[in-house]
Number of protein chains: 2
Amino acid sequence: MGSKKRDSSRVTLSDVARLAKVSAITVSRCIRNPERVSEDTRVRILRAIDDLGYVPDMAASALASKRSNVVGLVIPSLTNSVFTDVLKGVYDAIEETRLTVQIGNSRYSPSKEENLIRTFLQQRPAGLIVAGVNHTEAGRKMLEASSCPVVQIMDVTDKPVDRLVGFSHFEGAKAAVRHLHDMGYRRPGILTARMDPRSRVRLAGFTEEAQQLGIFEPARVVSTPLHSSVGLGAQLFSDLLAQAPDTDSLFCNNDDLATGALFEAARRNIRVPEALGVCGYNDLDISAEVNPSLTTIATPRYEVGLQSVQMINAALDPEGEAAPPPVILGTKLVPRQSTRRRPMPSVGIHSGETT
Amino acid sequence: MGSKKRDSSRVTLSDVARLAKVSAITVSRCIRNPERVSEDTRVRILRAIDDLGYVPDMAASALASKRSNVVGLVIPSLTNSVFTDVLKGVYDAIEETRLTVQIGNSRYSPSKEENLIRTFLQQRPAGLIVAGVNHTEAGRKMLEASSCPVVQIMDVTDKPVDRLVGFSHFEGAKAAVRHLHDMGYRRPGILTARMDPRSRVRLAGFTEEAQQLGIFEPARVVSTPLHSSVGLGAQLFSDLLAQAPDTDSLFCNNDDLATGALFEAARRNIRVPEALGVCGYNDLDISAEVNPSLTTIATPRYEVGLQSVQMINAALDPEGEAAPPPVILGTKLVPRQSTRRRPMPSVGIHSGETT
DNA sequence: CTGTTAGCGCATTCAC
DNA sequence: GTGAATGCGCTAACAG
């Protein structure tokens, strides 16, 4: 097999201790709380560590302290770029710390999520970051009973388990509908797939706002439990056209669907934004590049990743206070060429300039 | 802080042992090598485990055995979908095992990669999966000296460190050029960015094949160290057109660049595939959806992820043999509408029907 | 096939 | 500010 070397006696705390002429426990302290050790022993110890190339053994540390340095991260997908952006934020932030990430992929399944939560919790993690605020009952109970900090991300709720950093999908969807209306569109449809909790909330936001504006029409709602993709966006748009041909605009639950709809519109020679306004959700990289460029709701995914780790860190800090209030980040409408720059004069209502 | 509960005396091996009326070590064995324990003690032990809800303590296990169950995975990006596909394969495969993944993001930096290799190796990982075959000298030495199985992925080489599962970028690029030639294009350019080792190899493949076909033209090579993106593809295509306006086809180092080039061609009313053939690399989801759909070289990224874990597993198996030969997976040209279906009759410009 | 003994490397608790 | 003793939960190496 692959083994090539036997374990060359590892450098341990006591090796360092001997060289620095102190006891092992002092070295241990010096590493974890440098300020609790006198100036010059600290210097000696650090030198010894450096000379010997000492590296702490995490397993031993975890065993003795009953606390690992592992942060569990539970997300529903490893390929959806919404979550890979979160991932990047998490990793960028975690590198500054002595923590380590372990990912669990729930595949959008609440029961898989529950299992992951259980598995992680059994490992005495330093903290847990979980996407969403909807869990199985058992899952939520475990999170609440957990002895480590828990951060829910990517959504908002009145009753977070512990800490939370997310944004409102409801408000984002409403802003999208409002924008379509401001631009003069009066017959908006919605394309939505993979009906996970956050998609549902966006649909609810669409519905509420459209109703308030008096432009809601059930026949213009197209949804499917299938996973989102560009190809599916094209398909759903075709479906919508079949059942409500006079639709004049689209809120798509995400930019993949929107991109697909845009492509399908091009194939059908439907002019965007003149004959059809399109607004997506998330602001992926490609959204600025398609023809015409895609109006969308930008979501702070990377930022959520960063802040979730900072919250874990803050919670772990012995000076740490009680759990801070939830952090609700903003979403932002990014107007682009897939919606008009000005409302139509005819059915026209008023302004909506965004300089 | 976030703590809510004190550690409620954990269920340990000896608890299970007591209930099953055996010794702790037998329980330990039963968990790791069920077949080395007699039928009925095994049954008793498994029942006891179940009754008590016993969960092994990985930290203790790692400490005692000097071997963790962590597989280190070093990749250059967390957002590039080429690597998130690998990631998915790795996670799908690892779930079948008792192993666990830890990701290191090298950000395409060899020195960061070296640091990650060092850090991982210090944790006595069960195995290491590393993207690419190009490392710093120190990095390679560490890998060679490592006592755990190492799998290099996503590329090929004569001298793998240990195990390898990848595919040839050189051959993939050559196939692309050949296809463009077969379809009647005679003035191919190449767009390439983020000159990592694999991109360079693809460029070399392009160059060699084009030279052999007698259609190589240095002025049609456009490259930049910037990271690939759809927007950059548009930019590079514009640059190429400025320096070699008669270019009749494009091999793009990846599908992001190709997509950008396709978008830019649309903006300039350059007809694809009639006036311009385009071939990308990787076969991302979107490539089948753009207009016209993108001819590309499909790469087995998910499969590489899966197999890399299987290799680690095989190496860990005590029955395991010596390191198997490298596994070279195939890439596949996927002809789509961005190249003609038939070669041009002469040098003439027309046809390109796609039924 | 099963048990005994020993100790992995570190952190907790309490002395000093 | 520093140290000694003790054990975290498990597995290696033997013995039977």
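Under the side chain to side chain contact (heavy atoms under 4.5 Å, CB included) test applied with A/V90, the options A/D85, A/I312, A/V309, A/V71 reduce to a single match, A/V309. When the options A/Q152, A/M142, A/E114 are evaluated for a side chain to side chain contact (heavy atoms under 4.5 Å, CB included) with A/H135, the one that passes is A/Q152.
Under the 3.5 Å distance criterion, with hydrogens and angles disregarded, a donor-acceptor pair is assigned to the side chains of A/S23 and A/T26. Side-chain polar atoms of A/R18 and A/S14 form no donor-acceptor pair below 3.5 angstrom.
In this entry the distance linking CG of A/L13 with C1' of C/dC8 reads 13 Å, nearest Å. Residue B/D57 contributes atom CG, which lies 18 Å from atom P of C/dC8 at whole-angstrom precision. With rounding to whole Å, A/R67 atom CZ is found 14 Å from C/dT12 atom C1'. Counting to the nearest Å, the P atom of C/dC10 and the CD atom of B/Q122 are 12 Å from each other. Taking atom NZ on A/K66 and atom C1' on D/dG9, their separation rounds to 8 Å, with Å as the unit. A/L63 places its CG atom 12 Å from the P atom of C/dT12, with the value rounded to the nearest Å. B/I49 has its CD1 atom 16 Å from the P atom of D/dG9, to the nearest Å.
With contacts defined as side-chain heavy-atom distances shorter than 4.5 Å, the pair A/L73/A/I75 qualifies.
Residues of residues 18-45 of chain B that place a heavy atom closer than 4.0 Å to DNA chain C, in numerical order, are B/V22, B/S23, B/I25, B/T26, B/R29, B/V37, B/S38, B/T41.
Closest of all the heavy-atom pairs between B/P76 and B/N105 is O-OD1, 3.3 Å.
One distance of note links OG of B/S61 with CG of B/L13; it measures 9.5 Å at 0.5 Å rounding. In this structure, A/D50 CG and A/L19 CG are separated by 11.0 Å, a value rounded to the nearest 0.5 Å. For the atom pair CG (A/D15) and CZ (A/R10), the distance works out to 10.5 Å, reported to the nearest 0.5 Å.
Among the nucleotides D/dG9, C/dC10, D/dT11, the one closest to the side chain of B/S61 is D/dT11.
Overall, the helix from C/dC1-D/dG16 to C/dC16-D/dG1 carries an axis bend of 20° between its ends, with five pairs at each end and the value rounded to 10°.
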